[in-house]
Amino acid sequence: AYDYCVQALGCTAAEASKVEGKLIPSSAKSLTRAQAEERLGWLQSELGLSDSELKKVVMRFPALLGYNSMAPKLDWLQTRLDL
């Protein structure tokens, strides 16, 4: 998670440490860069986020890195909010 945040999101070392520190330890250890890219790439595409917006989302909600499938919840939320 740390490396992904620094290399892909442009986080500082302090920001990346903060993100990784908020993850469940087992998630932080097992998360690969490929998994992070897949999950957050999908989220960025689905919501039409810029790179800086994606960074803000991850900084605010680091647990997103640990979610395997956000599609059902996002679909429900978009329907519920009539988006």
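Atoms considered below: every heavy atom in the structure, side chains included; atoms not considered: hydrogens, waters and symmetry mates.
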Chemist: Not counting sequence neighbours, which residues clear side chain to side chain donor-acceptor pair (under 3.5 Å) with Glu46? List them please.
Modeler: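 Testing Glu46 for side chain to side chain donor-acceptor pair (under 3.5 Å), a comparison that skips the adjacent residues, returns none.
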Chemist: Measuring from Lys22:NZ to Ser17:OG, what's the distance to the nearest 0.5 Å?
Modeler: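 If I round to the nearest 0.5 Å, the distance is 12.5 Å.
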Chemist: Give, for atom CG of Leu23 and atom NZ of Lys29, the distance between the pair rounded to the nearest 0.5 Å.
Modeler: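 The distance works out to 12.5 Å.
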Chemist: Tell me, which pairs form a side chain to side chain donor-acceptor pair (under 3.5 Å) where one or both residues lie in residues 73-83, sequence neighbours left out?
Modeler: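 Every candidate side chain to side chain donor-acceptor pair (under 3.5 Å) pair involving residues 73-83 fails, so no pair, neighbours aside, qualifies.
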Chemist: Evaluate whether atom CD1 of Ile24 has more than 12 neighbouring non-hydrogen atoms of other residues, nucleotides or ligands under 6.0 angstrom away.
Modeler: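 It does not: Ile24 CD1 has 12 such atoms or fewer within range.
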Chemist: Could you tell me the separation between the OH atom of Tyr4 and the CZ atom of Arg39, rounded to the nearest 0.5 Å?
Modeler: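 Here the interatomic distance stands at 11.0 Å.
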Chemist: Kindly indicate whether the side chain of Met59, heavy atoms from C-beta on, has any atom under 4.5 Å from the side chain of Cys11.
Modeler: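 Yes, their side chains come closer than 4.5 Å.
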Chemist: For the CG atom of Asp3 and the CG atom of Leu31, what is their distance to the nearest 0.5 Å?
Modeler: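 If I round to the nearest 0.5 Å, the distance is 10.5 Å.
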Chemist: Side chains of Glu15 and Lys55, heavy atoms from C-beta outward: is any pair under 4.5 Å?
Modeler: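 Touching, per the 4.5 Å side-chain cut-off.
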Chemist: Ignoring hydrogens, what is the shortest heavy-atom contact between Arg33 and Ala8? Give both atom names and the distance.
Modeler: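 That closest heavy-atom pairing would be NH2-CB, 3.9 Å.
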Chemist: Pair Leu40, Gln44 - check side chain to side chain contact (heavy atoms under 4.5 Å, CB included), show working.
Modeler: CA-CA 6 Å; Leu40 296 182; Gln44 184 176 26; over 6 Å; no
Chemist: Do Leu74 and Trp42 pass the side chain to side chain contact (heavy atoms under 4.5 Å, CB included) test, and can you show the C-alpha distance, the side-chain angles, and the key distance before you say yes or no?
Modeler: CA-CA 11 Å; Leu74 186 57; Trp42 175 87; 3.5 Å; yes
Chemist: Between Gln35 and Thr32, is there a donor-acceptor pair closer than 3.5 Å when you use the side chain of the first and the backbone of the second?
Modeler: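 Side chain of Gln35 to backbone of Thr32, a donor-acceptor pair under 3.5 Å: yes, one is there.
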Chemist: Do Leu9 and Leu54 pass the side chain to side chain contact (heavy atoms under 4.5 Å, CB included) test, and can you show the C-alpha distance, the side-chain angles, and the key distance before you say yes or no?
Modeler: CA-CA 8 Å; Leu9 299 178; Leu54 181 62; 3.9 Å; yes
Chemist: At their closest point, which heavy atom of Thr12 faces which heavy atom of Val6, and how far apart are they?
Modeler: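 Of all heavy-atom pairs spanning Thr12 and Val6, the closest is O-CG2, 4.2 Å.
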Chemist: On a heavy-atom basis, which atom in Ala36 and which in Leu65 lie closest, and how many Å separate them?
Modeler: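 So the two residues come closest at CB-CD2, 3.9 Å.
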